[in-house]
Amino acid sequence: MAQSVPPGDIATQPNAKIVFNAPYDDKHTYHIKVINSSARRIGYGIKTTNMKRLGVDPPCGVLDPKEAVLLAVSCDAFAYGQEDTNNDRITVEWTNTPDGAAKQFRREWFQGDGMVRRKNLPIEYNP
């Protein structure tokens, strides 16, 4: 069963962090690529620490082996220097999809006892 095998690796471009540059009086969008480097189909979901400021589209999906998806990470306008941005990050969570499952994202995949892996991408704001 797919759930007993730990999910393989994913790659992200950029690999380590997302950087937004001032000014912050308008919405910014930054594209990141998520690549399924494993040999199994995975389901992924994106979480953010600041729902008001940060959005990701699409927020979840399914990737076949070696398949990639481009995500739009948006940062809404905010008062730079007046709001705490230290803990802002995006987390990619992924898990193997059950054998024979349709290529359609299901939230339940993350709620059972299957293994879920996470990759954090901190957000850096340049003044």
Side-chain angles (χ1 to χ4, degrees):
M1 196 166 175
Q3 272 75 7
S4 59
V5 179
D9 290 334
I10 62 163
T12 59
Q13 294 170 347
N15 180 47
K17 65 183 176 185
I18 296 169
V19 180
F20 286 108
N21 294 309
Y24 297 104
D25 53 5
D26 204 0
K27 183 174 182 168
H28 288 276
T29 302
Y30 190 103
H31 291 88
I32 64 168
K33 192 181 217 178
V34 175
I35 304 132
N36 176 7
S37 333
S38 76
R40 291 181 168 272
R41 180 183 281 175
I42 59 166
Y44 72 88
I46 312 291
K47 292 186 169 172
T48 164
T49 52
N50 191 322
M51 305 283 291
K52 287 198 310 273
R53 184 162 44 234
L54 300 166
V56 181
D57 185 46
C60 58
V62 177
L63 289 174
D64 281 324
K66 311 301 178 232
E67 190 181 2
V69 64
L70 206 56
L71 304 177
V73 180
S74 57
C75 169
D76 284 330
F78 71 101
Y80 181 78
Q82 296 169 32
E83 293 184 36
D84 181 19
T85 58
N86 291 331
N87 297 321
D88 283 13
R89 70 175 179 272
I90 281 171
T91 303
V92 182
E93 294 188 332
W94 72 98
T95 188
N96 292 328
T97 62
D99 292 330
K103 191 175 178 181
Q104 184 175 0
F105 180 83
R106 309 280 303 209
R107 179 58 57 203
E108 301 91 84
W109 296 338
F110 293 86
Q111 293 159 346
D113 50 11
M115 208 180 288
V116 175
R117 290 186 59 191
R118 289 175 182 82
K119 178 172 183 173
N120 287 321
L121 291 169
I123 306 224
E124 207 171 89
Y125 298 94
N126 284 332

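Computation of the quantities below employed the complete heavy-atom set of this structure, encompassing side-chain atoms and omitting hydrogens, waters and symmetry-equivalent molecules. Please read these numbers as outputs of a predicted model, since none were measured by experiment.
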Participant: Going by heavy atoms in the side chains, are Gln13 and Ile35 under 4.5 Å from each other?
Facilitator: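 Yes, at least one pair of side-chain atoms sits under 4.5 Å.
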Participant: With Asp57, which residues qualify under salt bridge (charged side-chain N to carboxylate O under 4.0 Å, His left out), at least two apart?
Facilitator: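 By the salt bridge (charged side-chain N to carboxylate O under 4.0 Å, His left out) rule, Asp57 matches no residue at all.
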Participant: Is it true that a side-chain atom of Asp25 and a backbone atom of Ala77 form a donor plus acceptor pair closer than 3.5 Å?
Facilitator: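 Not confirmed, Asp25 side chain does not pair with Ala77 backbone.
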Participant: Give the C-alpha distance, both sets of side-chain angles, the deciding distance and a yes or no for salt bridge (charged side-chain N to carboxylate O under 4.0 Å, His left out) between Arg41 and Asp99.
Facilitator: CA-CA 9 Å; Arg41 180 183 281 175; Asp99 292 330; over 6 Å; no
Participant: From the options Leu71, Val56, Thr12, select the one residue that forms a side-chain contact (heavy atoms from CB on, under 4.5 Å) with Ile90.
Facilitator: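 Single side-chain contact (heavy atoms from CB on, under 4.5 Å) partner of Ile90 among Leu71, Val56, Thr12: Val56.
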Participant: Quick one: do Val92 and Leu70 end up in the same hydrophobic cluster if we chain Ile, Leu, Val, Met, Phe, Trp and Tyr together by side-chain heavy atoms under 4.5 Å apart?
Facilitator: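 No, Val92 does not connect to Leu70 through the hydrophobic network.
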Participant: I need the minimum non-hydrogen distance between Pro122 and Ala16, along with the two atoms involved.
Facilitator: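 Heavy atoms only, the tightest pair is CD-O, 3.1 Å.
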Participant: Please round to the nearest 0.5 Å and tell me the distance separating atom NZ of Lys47 and atom CZ of Phe110.
Facilitator: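 It is 8.5 Å, given to the nearest 0.5 Å.
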Participant: Regarding Asn50 and Thr48, is there a side-chain donor-to-acceptor distance under 3.5 Å anywhere?
Facilitator: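 No, no side-chain donor-acceptor pair sits under 3.5 Å.
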Participant: Check this for me, if you would: do Asp9 and Arg117 make a salt bridge, where the nitrogen-to-carboxylate-oxygen distance has to be below 4.0 angstrom?
Facilitator: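 Looking at Asp9 and Arg117, the cut-off is met.
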Participant: Is Thr95 reaching over with its side chain to a backbone N or O of Gly43, donor-acceptor style, under 3.5 angstrom?
Facilitator: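 Absent.
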Participant: Run the ring pair (Phe, Tyr, Trp, His ring centres under 6.0 Å) test against Tyr24 and tell me which residues pass, sequence neighbours left out.
Facilitator: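 Only His28, Phe78, Tyr80, Tyr125 meet the ring pair (Phe, Tyr, Trp, His ring centres under 6.0 Å) criterion with Tyr24.
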Participant: Give the C-alpha distance, both sets of side-chain angles, the deciding distance and a yes or no for side-chain contact (heavy atoms from CB on, under 4.5 Å) between Glu93 and Tyr44.
Facilitator: CA-CA 6 Å; Glu93 294 188 332; Tyr44 72 88; over 6 Å; no
Participant: Tell me, do Val5 and Asn96 make a side-chain contact under 4.5 Å, heavy atoms counted?
Facilitator: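 A side-chain contact exists here, since the closest heavy-atom pair is under 4.5 Å.
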Participant: Taking atom NZ as the centre, does Lys103 end up with more than 12 heavy-atom neighbours from other residues, nucleotides or ligands that are less than 6.0 angstrom away?
Facilitator: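 Yes - once you tally the heavy atoms of other residues, nucleotides and ligands closer than 6.0 Å, there are more than 12.
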Participant: So, for Gly8 and Ser38, which heavy atoms are closest and what is the spacing to 0.1 Å?
Facilitator: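 What the structure gives for the nearest pair is CA-CB, 3.6 Å.
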Participant: Between Phe20 and Ser74, what is the shortest heavy-atom contact and its length?
Facilitator: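 Heavy atoms of Phe20 and Ser74 come nearest at CZ-C, 4.5 Å.
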Participant: Scan for ring-ring contact (aromatic ring centres under 6.0 Å, His included) pairs involving residues 56-75, sequence neighbours excluded, and state none if there are none.
Facilitator: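 Output for this query is empty, none listed.
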Participant: With side chains defined as the heavy atoms from C-beta onward, is the minimum distance between Met115 and Pro7 less than 4.5 Å?
Facilitator: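 Answer yes - side chains close enough.
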Participant: Around atom NZ of Lys119, are there more than 12 heavy atoms of other residues, nucleotides or ligands at under 6.0 Å?
Facilitator: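 Counting other residues, nucleotides and ligands, NZ of Lys119 exceeds 12 neighbours.
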Participant: In the single-linkage hydrophobic clustering (I, L, V, M, F, W, Y; side-chain heavy atoms under 4.5 Å), do Ile10 and Val69 co-cluster?
Facilitator: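 Same cluster.
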Participant: Could you pull out the closest heavy-atom pair between Lys17 and Leu121, with the gap in Å?
Facilitator: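 Lys17 and Leu121 have their closest heavy atoms at N-CD2, 4.0 Å.
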Participant: Are Ile42 and Val62 grouped together when hydrophobic residues (ILVMFWY) are joined by side-chain heavy atoms under 4.5 angstrom apart?
Facilitator: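 The answer is no; the residues belong to distinct hydrophobic clusters.
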Participant: Residues in side chain to side chain contact (heavy atoms under 4.5 Å, CB included) with Asn120, at least two apart?
Facilitator: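 Only Arg89, Thr91 meet the side chain to side chain contact (heavy atoms under 4.5 Å, CB included) criterion with Asn120.
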Participant: More than 12 heavy atoms of other residues, nucleotides or ligands under 6.0 Å from NZ of Lys66: is that the case?
Facilitator: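 Atom NZ in Lys66 is crowded, with more than 12 foreign heavy atoms closer than 6.0 Å.
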Participant: Whether the side chain of Asn36 engages the backbone of Leu63 through a donor-acceptor N/O pair (distance < 3.5 Å, no angle test) should be reported.
Facilitator: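 Looks like yes, one N/O pair under 3.5 Å.
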Participant: Considering residues at least two apart in sequence or located in another chain, which fulfil the side chain to side chain donor-acceptor pair (under 3.5 Å) criterion with Asn86?
Facilitator: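 Per chain and number, Asn86 pairs via side chain to side chain donor-acceptor pair (under 3.5 Å) with Asp84.
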Participant: Do Arg107 and Phe105 meet the cation-pi criteria used here (NZ or CZ under 6.0 Å from the six-membered ring centre, within 45° of the axis)?
Facilitator: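 No, Arg107 does not sit over the ring of Phe105.
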Participant: Could you work out, with salt bridge (charged side-chain N to carboxylate O under 4.0 Å, His left out) as the rule, every residue matching Arg53, not counting sequence neighbours?
Facilitator: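 Scan of Arg53 (salt bridge (charged side-chain N to carboxylate O under 4.0 Å, His left out), adjacent residues dropped) gives Glu83, Asp88.
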Participant: List the atom of Val116, the atom of Arg118, and the distance in Å for their closest heavy-atom pair.
Facilitator: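 Minimum heavy-atom separation between Val116 and Arg118: O-NH1, 4.0 Å.
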Participant: Is Glu108 atom CD crowded by more than 12 heavy atoms from other residues, nucleotides or ligands, each under 6.0 Å away?
Facilitator: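 It does: Glu108 CD has more than 12 such atoms within range.
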